[in-house]
Structures are given as structure tokens and as C-alpha cells.
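Here is the structure we will look at, set down as C-alpha cells.
Values below: every heavy atom of this structure, side chains too, minus hydrogens, waters and symmetry copies.
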Amino acid sequence: MTEGLFYLTAFVAVMTAAVVILHRNPVVESLALALHLCSIAFFFVLLSAPFAAMIQIILYAGAIMVLFLFVVMLLDPGGEGKAGKVGRAQLYATILGAFALLAALFPVLAGYEPTLPETPAGYGGVESIGTLLFTEYLFPFEAASILLLAAMIGALYLAKREID
């Protein structure tokens with residue numbers, strides 16, 4: 001049962017990722033990316049990490065993707081006349097993505113059957129993530145916080161400069 005759900009979720013994740021790469025409409029790409037992030041959250045559920053799955057859905061598939069979709073709809077990056085043209089970068093990215101997909105599928109095609117390790121009690125829960133975040137990974141957490149603060153100040157500066 002779990003193995004079937006894993007393969008179904010993996011299929012959905014790969015197909016939505018392909019839509020994100022290959023589709024020309026940015027709104028459809030954004031919706032496909034939101035579905036892809038939801039499928040990644042389901043992987044967390046399969047790994048018995050419900051807190052990580054909820055954070056994935058609330059933070060990425062919910063808040064950030066809705067904001068991203070609003071920005072895409074407001075800016076209309078495709079505009080008229082740009083749809084239908086495939087640039088070299090998109091072609092190279094597609095070829096590179098196809099090779100990466102084949103490399104990722106090689107173990108499955110070769111007959112490799114993975115065995116999942118036993119997860120300790122509380123894995124993926126709030127307490128275990130908080131403990132790791134504020135003990136073992138304190139420096140990367142603080143560095144990421146400072147980096148995000150610098151990015152936010154930079155974005156505010158750039159936005160303020162365009163208004164003036």
C-alpha cells in the first residue's frame with residue numbers, strides 16, 4: 001500500500017515538474033509548481049513526518065506560491081508575442097532535465113529495491129525539529145536569518161528607489 005502511494009506520488013511529482021519546465025503559460029506553471037510542492041509534502045507524510053508536511057503545505061504551497069501566482073498574474077511576463085518561442089536556454093534545460101531524470105530513474109530501472117530505515121520516535125515532530133534547530137544547526141539557522149534580513153532590506157531599497 002505504502003509503496004503504491006509512493007510511486008503514485010512520485011509520478012505526480014515528476015509530471016508536475018515536467019509541466020513547470022515545459023509549459024509556456026506562467027500561471028499554469030505556478031499552479032503545477034504548487035501541486036508539485038503538495039506532492040513533496042505527501043512524501044513527508046509517507047516518511048512519518050507530519051509536521052514537516054504541514055510546514056511544506058502551509059509555507060511553500062500555500063503562502064509563497066499564492067504570492068508568486070499573484071506576482072505572475074500582475075506582471076504578465078509572457079505578454080503578447082512571446083508565447084510559442086522556445087529559447088536555447090529552455091532547450092538546454094529540457095535536455096539537462098531529461099538526463100537528470102534518467103539518472104534518477106536508473107536505480108529503479110536496474111531493479112534496485114530500497115529499504116527504508118526505521119525512524120526514531122518523534123521524528124519530524126515539532127520538538128525534534130526545534131531541538132535540532134536551536135542546538136546542532138544554530139549557526140546555519142542564524143546565518144539564514146541574517147541573509148533573509150539582508151535580502152528584505154535590499155528589496156525594500158530597490159522598491160523605494162523605483163518609486164522616487
Side-chain angles (χ1 to χ4, degrees), residues 1-119 123-126 128-129 132-133 137 140-141 143-144 147-148 151-152 154-155 158-159:
M1 179 71 178
T2 304
E3 189 175 322
L5 286 174
F6 173 78
Y7 286 120
L8 179 65
T9 307
F11 178 75
V12 170
V14 169
M15 288 298 113
T16 53
V19 169
V20 169
I21 294 171
L22 298 175
H23 205 277
R24 294 190 176 109
N25 188 344
V27 175
V28 173
E29 290 173 341
S30 298
L31 292 173
L33 184 58
L35 185 60
H36 179 76
L37 293 173
C38 288
S39 64
I40 298 299
F42 195 73
F43 282 127
F44 285 123
V45 171
L46 291 177
L47 289 172
S48 301
F51 179 72
M54 289 307 299
I55 292 298
Q56 175 79 17
I57 289 175
I58 292 170
L59 193 66
Y60 291 109
I64 292 177
M65 283 311 302
V66 168
L67 181 66
F68 190 71
L69 188 59
F70 281 146
V71 169
V72 165
M73 291 174 79
L74 286 174
L75 295 179
D76 189 24
E80 291 90 31
K82 289 185 177 179
K85 294 180 181 177
V86 177
R88 283 187 178 190
Q90 190 175 17
L91 179 66
Y92 293 145
T94 303
I95 293 170
L96 186 64
F99 279 121
L101 178 65
L102 286 176
L105 289 177
F106 180 74
V108 175
L109 297 175
Y112 173 72
E113 294 194 21
T115 56
L116 294 176
E118 291 293 324
T119 56
Y123 174 77
V126 178
S128 65
I129 289 176
L132 284 174
L133 204 59
Y137 298 106
F141 177 72
L147 184 64
L148 288 174
M152 187 171 62
L158 290 175

Which residue pairs pass the side chain to side chain donor-acceptor pair (under 3.5 Å) test when at least one of the two sits in residues 25-40, sequence neighbours left out? Thr16-His36

Kindly give the heavy-atom pair with the smallest separation between Pro107 and Ala104, and that separation in Å.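 Shortest heavy-atom contact: CD-O, 3.4 Å.
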
What one should report as the nearest heavy-atom pair of Val20 and Leu33 is CG2-N, 3.5 Å

Do any side-chain atoms of residues 43-58 form donor-acceptor pairs under 3.5 angstrom with protein atoms, and if so which ones, sequence neighbours left out?
| unit_1 | atom_1 | unit_2 | atom_2 | d |
| --- | --- | --- | --- | --- |
| Gln56 | NE2 | Leu37 | O | 3.4 |

